[in-house]
Amino acid sequence: MKISLKQGLTLMDPRIKALIDHFDFQPLPAEGTFFSSTWRSTREFSNGSPVGTAMIGMYSNDPLSQSLFHRLPADEVWHFYGGDPFRLVLLFPDGHSCDVVMGNDPLRGQHVQYVVKAGTWQAAHLIDGGLYALFGCTMAPGFMGSMYEGARRSDLLAAYPGCRNNIMRLTDEDGETQMPQDFAR
């Protein structure tokens, strides 16, 4: 999925443009999320990977920012910061799936924080009718581009046939399955 922030900037909602400018959001390679890296531990493991990392991101429908299916080899903690609710779609190694709504109304079942366990296929998007959602993700050990495994649509369809609509919406048929070499290094 290729996203251009230059395209259509004069037509997008001024609040979206202001948030993109304020946080200096850029499209996350291979995945499609608007993001800004906010912290990378100065402590590193012997292999050079950071002890921890944090980022802030935004989902919107115009311009499109969503997270395509991917998985990571470490747990990832999601945090809801503001705006409208968004939906995490999770496909577990044992074959079951679930949706998690992230938002600011925990008394109505929305999560302000949620841990996606290592090895879980995950994708996310703004719930229809919303303008934007601000969120954050933290990881320890810290995120490195080499940790990212993007999903192949055909593989997910074969493994999770009951999730076809979500898979079709949140994969790119010819999508990248890896981050660029040395991303987040």
Among all residues two or more places apart in sequence or in another chain, which pass the salt bridge (charged side-chain N to carboxylate O under 4.0 Å, His left out) test with [X]?
{"X": "Asp155", "answer": "none"}
{"X": "Arg152", "answer": "none"}
{"X": "Glu149", "answer": "Arg71"}
{"X": "Asp128", "answer": "Arg169"}

Task: Worked check of side chain to side chain contact (heavy atoms under 4.5 Å, CB included) between Trp78 and Met102 - done: CA-CA 9 Å; Trp78 287 73; Met102 301 290 296; 3.9 Å; yes
Considering all heavy atoms, the nearest [X]-[Y] contact:
{"X": "Leu68", "Y": "Ala30", "answer": "CD1-O, 4.1 Å"}
{"X": "Gly48", "Y": "Arg40", "answer": "O-NH2, 3.6 Å"}
{"X": "Phe45", "Y": "Pro50", "answer": "CE1-O, 3.6 Å"}

Identify, with sequence neighbours excluded, every residue that meets side-chain contact (heavy atoms from CB on, under 4.5 Å) alongside [X].
{"X": "Ala74", "result": "Met139, Pro141, Met147"}
{"X": "Leu131", "result": "Asp13, Arg15, Ile16, Asp84"}
{"X": "Asp174", "result": "none"}
{"X": "Asn104", "result": "Phe80, Gln110"}

Open item on the list: If the test is ring-ring contact (aromatic ring centres under 6.0 Å, His included), which one of Tyr81, Phe86, Tyr114 qualifies with Phe135?
Closed with: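 Checked Tyr81, Phe86, Tyr114 against Phe135; only one passes ring-ring contact (aromatic ring centres under 6.0 Å, His included): Phe86.
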Task: Same cluster (ILVMFWY, side-chain, under 4.5 Å), Ile127 and Leu134 - done: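 The answer is no; the residues belong to distinct hydrophobic clusters.
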Open item on the list: Using side chain to side chain contact (heavy atoms under 4.5 Å, CB included), reason through Met12 and Ile20 one step at a time and then give a plain yes or no.
Closed with: CA-CA 11 Å; Met12 82 173 60; Ile20 289 170; 3.9 Å; yes
TODO: May I ask you to list the residues sharing a hydrophobic cluster with Leu157, side-chain cutoff 4.5 Å, ordered by chain and number?
DONE: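 For the cluster that includes Leu157, the remaining residues are Phe69, Val89, Leu91, Trp121, Leu156, Tyr160, Ile167, Met168, Leu170.
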- [ ] Could you work out the complete set of other residues in the hydrophobic cluster of Val77, with links drawn between I, L, V, M, F, W and Y side chains under 4.5 Å apart?
- [x]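 Members alongside Val77: Val115.
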Open item on the list: I'd like to check the ring-ring contact (aromatic ring centres under 6.0 Å, His included) partners of Tyr148; sequence neighbours left out, ordered by chain and number.
Closed with: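 Tyr148 satisfies ring-ring contact (aromatic ring centres under 6.0 Å, His included) with His70 once adjacent residues are dropped.
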Does [X] reach the main-chain N or O of [Y] with its side chain, forming a donor-acceptor pair under 3.5 Å?
{"X": "Thr120", "Y": "Leu90", "result": "no"}
{"X": "Ser60", "Y": "Tyr132", "result": "no"}
{"X": "Ser41", "Y": "Arg43", "result": "yes"}
{"X": "Thr53", "Y": "Phe143", "result": "yes"}

TODO: Write out all pairs satisfying salt bridge (Lys or Arg N to Asp or Glu O under 4.0 Å) with one or both partners inside residues 91-112, taking only residues at least two apart or from two chains.
DONE: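 Those involving residues 91-112 are Arg87-Asp99, Asp105-Arg108.
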Task: More than 12 heavy atoms of other groups within 6.0 Å of Glu44 CD - done: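 Yes - once you tally the heavy atoms of other residues, nucleotides and ligands closer than 6.0 Å, there are more than 12.
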Open item on the list: Check this for me: Asn165, atom CG, are more than 12 non-hydrogen atoms of other residues, nucleotides or ligands nearer than 6.0 Å?
Closed with: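 No, CG of Asn165 has 12 or fewer neighbouring heavy atoms, counting only those of other groups under 6.0 Å.
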